[in-house]
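In what follows, chains are A, B, ... by sequence order, proteins preceding strands, each numbered from 1.
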Amino acid sequence: MELNDLERIRLEKLERMRAAGIEPYPTRVHNTHTIAEAVKQFEAAEKEGTAPAKVILAGRVRSMRLMGKLGFAHAEDGSGRVQLFFRINELGEEAMNTLKEHYDLGDFIEAEGTMMRTRTGEISLQVTAFRMLAKAITPLPAAKDEVVDGEVVRHATLNDPETRYRQRYADLAVNPDVRQIFRTRAGITRAMREFLDGEGFLEVETPILQPIYGGAAARPFITHHNQLKQDLFLRISFELYLKRLLVGMFDRVYEIGRDFRNEGISFKHNPEFTQMEFYAAYLDYLKVMELTENMVAYICDQVLGSRKTTFNGHEIDFTPPWRRVELRQGLIEACGIDIQEHRTDEALFAAMDAKGLKPKPGAPRGKLIDQMIGDFLEPNFIQPTFLYNYPRDISPLAKSMPGDPQTVERFEGFVGGMELCNAFTELNDPLDQEARFLEMGRAYDAEDEESNPLDEDYLRAMRYGMPPCGGFGMGIDRLVMLLTGQRSIREVLLFPHLREREDE
RNA sequence: GGGCGCGUAGCUCAAUGGCAGAGCAGUGGCCUUUUAAGCCAUUGGUUGAGAGUUCGAGCCUCUCCGCGCUCACCA
C-alpha cells in the first residue's frame, strides 16, 4: 500500500490511539437518533418550551474549528448535518487534547450531549462525551464548506470527472448533489413500479445469461459455462423472453434490469445499462403511447412534483399528450423526401444523394431512413415526441399496418433530442415471424456481419399462439438523465465503465 | 476506431522556453461562541509515462497511458 504524507500522518495518529488503548474501529454504536431527527426534536422542544433531550449522535466529521479551550465541528450522517460544540468546562483538558490529537476531517465520531443553540443561533450538540467510530486514513478530497441560506456550499471540491467516476465513494462522500441524483434515480424506478403494478402488470425476471441472444440489433458479450461447456451470451434485450410469458397467459408483464451491449461508449451509451420493458396483451401501439405518456407523467409527479424539467438548457414539459409525428410526414417536412415514393434501396439512395444528404453507400432502405431520422428528426425532438409508423425492414419483431405491409406499427419516443423509448404492436404471426428472421439472417450474411442466431424456441412459442399485444422498452438511464438534468449517462450511473488503468 | 482538447501538491487552480507557485487541506504555536473562524510559522512536486530538440522544457516535437468533447458504430 502506497501512502502519501497526509495518509502517513493519519496512520501515525491511529497507531498512537491504539497505543493509548483506544480502539479506532469499535464494533458497537450507541446513537439514539439520526442527526435530522435530533435537530427536528430540538426544534419541537424549543417551540413547546420543554427541556432539550439528551441524545447520542453518530456521523462523519466535516469541519473542525478548534480554539484551545473550546471548539466547533460539524458531523454529517445520511440524514443531515449538525454542529458539535466542545467546551473544556464539560469535557476536561484531557478530552480536549484527544480531540485535537486524534481527530481529522472525514473520521466518524459518536457524540453524546444535549441539543442547544450557540450564540449565533446555530442548532448544535453540546458535547459531554465523544468517541472515535472509524478513523479515516485518506483525507476526503473536499476543501471547505460554507452555509449560505441553509444550503451547504462546498468550495473547491472534487471536480475531476475521472477521479469522480473511478472513486465514486469519494465523490458521493463530498458531493451531496451527486447523492441526490441517485436518490432521484431510486424514486424514478419506485414510481415506475407503482404505476405499472397499478395497471395490472406483473414484475418478472428473465435470464441474463442466454444461449441465444436477440430482440435488438447489438453485438453481445460472450461468456462461458464451464460444466456445461457452453458459450452463453449476456442479454441485449428482454423481449423474446417476456413475450414467451404472454404465450403462457400472463397478460401484462414487465421487467426492470440490466442489458449488455458490446458497442461503443459515449455520453449516452454504457456497455451495461438499465432497461424497462413491458408487454401487454390486447393493446396496440396507440394504446401503448397513451400508457407511456401517463407513466412518465406519473413518475414526474411522484419524483419531481412537477411535469417540467430542465435539460441541456431547454425546459421540457412531460404533460400528456405528447406531440405525435408520423415518420413519413415528418421526413417530408424535414428534408423534402417522401419515403413512399422511393420504395427500393437504390431509389431512396438516389433521392437522398440528389438532396446532398450523403447517404451511406450500399445501405438498405431501412438504414437510410434511420439515417434521416438521426440527422433531421431526432436532434429536433426536444419536447416529448412520438415518431410513429416505421419501415418494416428495420423492425423485424413489429406487426405490419393493416393494408400496408411495408410499414409497421412502431413508435419511438424522443425527448431532449435523444431516443428514450421504443415500442410496437408485436408481431404474433409465427409464419411471418419466421420469414422475417430468415430475411434478416440473409441481410446479415450479405453484409458479412454477425447475425442473431435463429431462436427456434421463440418461434415454437409463437406457434402455440400469442395474443395481440403491445410491447415497450425504455432506457432508464436516459430517463434519469432527463429528470435530473444530467447531460452524461455517466452522471446517473454509480459506477460507469472506464478503461482500466495500468498504474492501478 | 478517427478528429479536437486536457493531464502541475491530497483538492481546486496559476506559471513568455529562464529559480515550479497560490488558496484550501496538513504540521507546530496562540486563541472559551466559531461557522469558507482568525493570527504567526511551516511541510508538501518523478509537472501522467518515456524519448527528442535546446545552453536551458511544465511549456516545443514524437511515442505511449488515461480522461473529456465529437464523429463513426448502435435494425
Side-chain angles (χ1 to χ4, degrees), chain A residues 3-10 12-13 62-74 81 83-91 96 100 104-106 116-122 124 126 137-148 152-166 170 174 214-219 236-237 261-269 271 273 360 363-371 373-374 390-398 408 410 419 422 436 439-440 443-444 447 449 451-452 487-488 490 496 498-504:
Chain A
L3 293 184
N4 64 38
D5 291 349
L6 299 178
E7 291 168 327
R8 267 193 294 275
I9 288 164
R10 287 179 175 220
E12 282 163 17
K13 289 183 185 177
R62 298 317 307 260
S63 69
M64 276 214 282
R65 295 175 294 284
L66 303 183
M67 39 195 85
K69 297 191 172 63
L70 87 164
F72 299 89
H74 277 96
R81 59 168 47 205
Q83 180 166 261
L84 304 179
F85 179 36
F86 302 90
R87 214 159 64 126
I88 200 165
N89 307 38
E90 280 77 24
L91 293 162
M96 287 304 284
K100 185 180 158 196
D104 288 297
L105 299 183
M116 47 96 66
R117 266 186 205 275
T118 59
R119 205 167 282 173
T120 53
E122 178 164 352
S124 307
Q126 168 107 44
I137 303 297
T138 304
L140 287 169
K144 279 199 173 182
D145 296 348
E146 181 184 14
V147 179
V148 179
V152 176
V153 180
R154 198 141 288 170
H155 293 270
T157 189
L158 180 63
N159 197 30
D160 173 49
E162 183 172 354
T163 312
R164 287 186 49 232
Y165 300 147
R166 286 192 197 279
V174 302
R219 283 187 293 176
I236 57 171
S237 86
R261 296 187 182 176
N262 209 336
E263 310 277 358
I265 297 174
S266 80
F267 73 97
K268 52 182 178 178
H269 298 92
F273 61 99
K360 200 176 157 190
R365 180 168 176 274
K367 283 230 179 188
L368 293 172
I369 293 172
D370 212 37
Q371 184 187 336
I373 295 171
Y390 275 65
R392 174 192 135 115
D393 60 333
I394 53 170
S395 316
L397 295 158
V408 295
R410 173 181 174 188
E419 181 190 337
N422 181 21
R436 302 263 201 112
E439 192 180 301
M440 196 172 53
Y444 273 109
E447 289 184 23
E449 282 200 24
S451 71
N452 298 19
R487 282 198 66 186
S488 169
R490 296 181 198 102
L498 297 184
R499 200 181 294 270
E500 194 172 17
R501 286 194 76 130
E502 284 188 344
D503 57 24
E504 281 186 340

Chemist: Are the side chain of A:Arg436 and the backbone of A:Ala398 linked by a donor-acceptor contact shorter than 3.5 Å?
Modeler: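 A pair under 3.5 Å: yes.
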Chemist: Can you tell me if A:Lys367 touches the phosphate of B:C74, counting only side-chain N or O atoms and a distance under 4.0 Å to OP1 or OP2?
Modeler: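 Result: yes.
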Chemist: What's A:Arg81 touching, base or sugar-phosphate or nothing? Going by heavy atoms closer than 4.0 Å.
Modeler: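 A:Arg81: no heavy atom of the nucleic acid under 4.0 Å.
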Chemist: Would you please confirm or rule out a distance under 4.0 Å between OP1 or OP2 of B:C73 and any side-chain N or O of A:Lys360?
Modeler: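 The answer is yes; a side-chain N or O of A:Lys360 sits under 4.0 Å from OP1 or OP2.
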Chemist: What is the distance from CE of A:Met64 to P of B:A37, rounded to the nearest Å?
Modeler: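 One finds 12 Å between P of B:A37 and CE of A:Met64, rounded.
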Chemist: Can you tell me if A:Arg87 touches the phosphate of B:U33, counting only side-chain N or O atoms and a distance under 4.0 Å to OP1 or OP2?
Modeler: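 Negative; the distance criterion is not met.
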Chemist: Nearest-Å distance, CD1 (A:Ile373) to C1' (B:C74)?
Modeler: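 Answer to the nearest Å: 14 Å.
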Chemist: With distance as the sole test, does A:Arg487 use its side chain to make a donor-acceptor pair with the main-chain N or O of A:Phe267 at under 3.5 Å?
Modeler: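 The answer is no, because no donor-acceptor pair under 3.5 Å joins these two groups.
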Chemist: Measure from CZ on A:Arg219 to P on B:A75 and round the result to the nearest Å.
Modeler: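 Taking atom P of B:A75 as the reference, CZ of A:Arg219 is at 11 Å.
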Chemist: For the pair A:Ser395 (side chain) and A:Pro391 (backbone), establish whether a donor and an acceptor sit closer than 3.5 Å, ignoring hydrogens and angles.
Modeler: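 The answer is yes, because a donor-acceptor pair under 3.5 Å joins these two groups.
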Chemist: Using the P atom in both, what is the distance from B:A9 to B:A14, to the nearest Å?
Modeler: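 Roughly 12 Å separates the two P atoms.
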Chemist: Can you tell me, in whole Å, how much space there is between the P of B:U42 and that of B:A36?
Modeler: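 One P to the other, the span is 27 Å.
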Chemist: What about A:Phe72 and A:Phe85, are their ring centers closer than 6.0 Å?
Modeler: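 Between A:Phe72 and A:Phe85, the centre distance is under 6.0 Å.
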Chemist: If the P atom of B:U46 is compared with that of B:U8, how far apart are they to the nearest Å?
Modeler: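 Those two atoms are separated by 12 Å.
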Chemist: Return the pairing partner of B:C24 with a 3.5 Å limit on both distances, Watson-Crick or G-U wobble; otherwise return none.
Modeler: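 Checking every strand shown, B:C24 finds its partner in B:G10, with both distances under 3.5 Å.
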Chemist: Work out how far the P atom of B:C6 is from that of B:G48, and round it to whole angstrom.
Modeler: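 After rounding to an integer number of Å, I get 12 Å for this pair.
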Chemist: For the pair made of CZ in A:Arg10 and P in B:G26, what is the distance, rounded to whole Å?
Modeler: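 The answer, rounded to whole Å, is 8 Å.
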Chemist: How close or far is atom C1' of B:C73 from atom CZ of A:Phe267, stated in whole angstroms?
Modeler: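 My rounded result for the distance is 14 Å.
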Chemist: Can you tell me the distance, in whole Å, between the CZ atom of A:Arg166 and the C1' atom of B:G48?
Modeler: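 Between C1' of B:G48 and CZ of A:Arg166: 12 Å.
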Chemist: Tell me which nucleotide, if any, is Watson-Crick or G-U wobble paired with B:C4 when both distances must be under 3.5 Å.
Modeler: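 When the pairing criteria are applied, B:G68 turns out to be the nucleotide that pairs with B:C4.
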Chemist: Paired with B:G44 by Watson-Crick or G-U wobble geometry, both distances under 3.5 Å: which nucleotide is it?
Modeler: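 Partner of B:G44: none.
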Chemist: Pick the closest RNA chain B nucleotide for A:Ile265 and for A:Tyr165 by heavy atoms, then say which residue is nearer the 5' end.
Modeler: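 Closest to the 5' end, via its nearest nucleotide, is A:Tyr165.
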Chemist: Could you please name the option among B:A75, B:U70, B:U27 that lies closest to any side-chain atom of A:Asp370?
Modeler: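 It is B:A75.
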Chemist: Report the nucleotide, chosen from B:A36, B:C74, B:U70, that has the shortest atom-to-atom distance to any side-chain atom of A:Lys144.
Modeler: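 Among B:A36, B:C74, B:U70, the one nearest the side chain of A:Lys144 is B:A36.
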Chemist: Closest heavy-atom contact between A:Arg261 and A:Ala216?
Modeler: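 Closest approach of A:Arg261 to A:Ala216: NH2-CB, 3.4 Å.
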Chemist: Of the options B:C67, B:A36, B:A75, whose atoms approach the side-chain atoms of A:Arg499 most closely?
Modeler: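 From the listed options, B:C67 comes nearest.
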Chemist: Please tell me which of A:Phe85 and A:Arg490 maps to the more 5' nucleotide of RNA chain B, matching each residue to the nucleotide holding its nearest heavy atom.
Modeler: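 Here A:Phe85 is the residue nearer the 5' end.
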Chemist: For B:C60, which nucleotide in any strand shown is its Watson-Crick or wobble partner with both distances under 3.5 Å?
Modeler: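 The base-pairing partner of B:C60, which may sit in any strand shown, is B:G52.
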Chemist: Please list each protein N or O that sits under 3.5 Å from an N or O in nucleotides 4-14 of chain B, with the distance.
Modeler:
{"residue": "B:C11", "atom": "O2'", "partner": "A:Pro141", "partner atom": "O", "Å": "3.3"}
{"residue": "B:C11", "atom": "O2'", "partner": "A:Ala156", "partner atom": "O", "Å": "2.9"}
{"residue": "B:U12", "atom": "OP1", "partner": "A:Asn159", "partner atom": "N", "Å": "2.9"}
{"residue": "B:U12", "atom": "OP1", "partner": "A:Asp160", "partner atom": "N", "Å": "2.9"}
{"residue": "B:C13", "atom": "OP1", "partner": "A:Asn159", "partner atom": "ND2", "Å": "3.2"}

Chemist: Side chain of A:Ala217 only, heavy atoms from C-beta on: which candidate in B:C73, B:U70, B:A75 is closest?
Modeler: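 Nearest to the side-chain atoms of A:Ala217, counting from C-beta on, is B:A75.
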Chemist: For B:U12 versus B:U33, give the span between their P atoms, rounded off to a whole number of Å.
Modeler: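 Nearest-Å result for B:U12 against B:U33 at atom P: 35 Å.
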Chemist: Any salt bridge linking A:Arg8 with A:Asp5? Criterion: basic side-chain nitrogen under 4.0 Å from a carboxylate oxygen.
Modeler: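 Yes.
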Chemist: Within the structure, does a side-chain N or O atom of A:Lys69 lie under 4.0 Å from either OP1 or OP2 of B:U34?
Modeler: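 Answer no for this pair, as no side-chain N or O of A:Lys69 is under 4.0 Å from OP1 or OP2.
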Chemist: Taking the P atom of each, how far is B:G21 from B:G44, in whole Å?
Modeler: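 Result for the P pair: 12 Å, nearest Å.
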Chemist: Check every strand shown and say whether A:Arg65 touches a base, only sugar-phosphate, or nothing at a heavy-atom separation below 4.0 Å.
Modeler: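 Result for A:Arg65 = base.
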Chemist: For B:G17, give the paired nucleotide (Watson-Crick: N1-N3 plus N6-O4 or O6-N4; G-U: N1-O2 and O6-N3; both under 3.5 Å), or none.
Modeler: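 The base-pairing partner of B:G17, which may sit in any strand shown, does not exist here.
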Chemist: Compare the minimum distances between each of B:U33, B:C67, B:A75 and the side chain of A:Arg119, then state the nucleotide with the smallest one.
Modeler: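 The closest nucleotide is B:U33.
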Chemist: In this structure, how many angstroms lie between the C1' atom of B:C67 and the CD atom of A:Glu162, rounded?
Modeler: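 A:Glu162 atom CD is separated from B:C67 atom C1' by 4 Å.
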Chemist: Any donor and acceptor pair, going by atom type alone, linking the side chain of A:Ser266 with main-chain N or O of A:Lys268 inside 3.5 Å?
Modeler: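 Flag set: sc A:Ser266 to bb A:Lys268 pair under 3.5 Å.
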Chemist: Taking the P atom of each, how far is B:C62 from B:A20, in whole Å?
Modeler: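 After rounding to an integer number of Å, I get 26 Å for this pair.
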Chemist: Could you pull out the closest heavy-atom pair between A:Arg10 and A:Thr138, with the gap in Å?
Modeler: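 Reported closest heavy-atom pair: NH1-O, 3.9 Å.
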Chemist: For A:Met96 and A:Gly71, which heavy atoms make the closest approach, and how far apart are they?
Modeler: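 Scanning both residues completely, I find the closest heavy atoms to be CE-N, 4.1 Å.
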Chemist: Do side-chain atoms of A:Glu7 reach the backbone of A:Asn4 as a donor and acceptor pair under 3.5 angstrom?
Modeler: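 Present.
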Chemist: Quantified in whole Å, what is the P atom distance between nucleotide B:U53 and nucleotide B:U16?
Modeler: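 Result for the P pair: 25 Å, nearest Å.
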Chemist: Which listed nucleotide (B:A75, B:C67, B:U33) is nearest to the side chain of A:Pro396?
Modeler: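 Comparing B:A75, B:C67, B:U33 against the side chain of A:Pro396, the answer is B:A75.
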Chemist: Taking any strand in view, what nucleotide pairs with B:G38 in a Watson-Crick or G-U wobble way, both distances under 3.5 Å?
Modeler: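 Looking at the geometry, B:G38 pairs with B:C30.
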Chemist: Find the distance between CZ (A:Arg166) and CG (A:Leu498) and round it off to the nearest 0.5 Å.
Modeler: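 With rounding to 0.5 Å, CZ (A:Arg166) is 4.5 Å from CG (A:Leu498).
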Chemist: Answer yes or no: does a side-chain N or O of A:Lys268 lie under 4.0 Å from OP1 or OP2 of B:C74?
Modeler: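 So the side-chain polar atoms of A:Lys268 never come under 4.0 Å of the phosphate oxygens OP1 or OP2 of B:C74.
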Chemist: Describe the nucleic acid contact of A:Gly264 in one word from base, sugar-phosphate, nothing, applying a heavy-atom distance below 4.0 Å.
Modeler: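 Answer is base: heavy atoms of A:Gly264 come under 4.0 Å of a base.
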Chemist: Rounded to whole angstrom units, what separation is found between the CD1 atom of A:Ile137 and the P atom of B:G26?
Modeler: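 Spelled out: CD1 on A:Ile137 to P on B:G26 is 15 Å.
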Chemist: On a plain distance test, is the side chain of A:Glu122 in donor-acceptor contact with the base of B:U33 below 3.5 Å?
Modeler: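 There is none.
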Chemist: Where the side chain of A:Lys13 is concerned, which of B:A36, B:G26, B:U33 is the nearest nucleotide?
Modeler: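 Of the options given, the side chain of A:Lys13 lies nearest B:G26.
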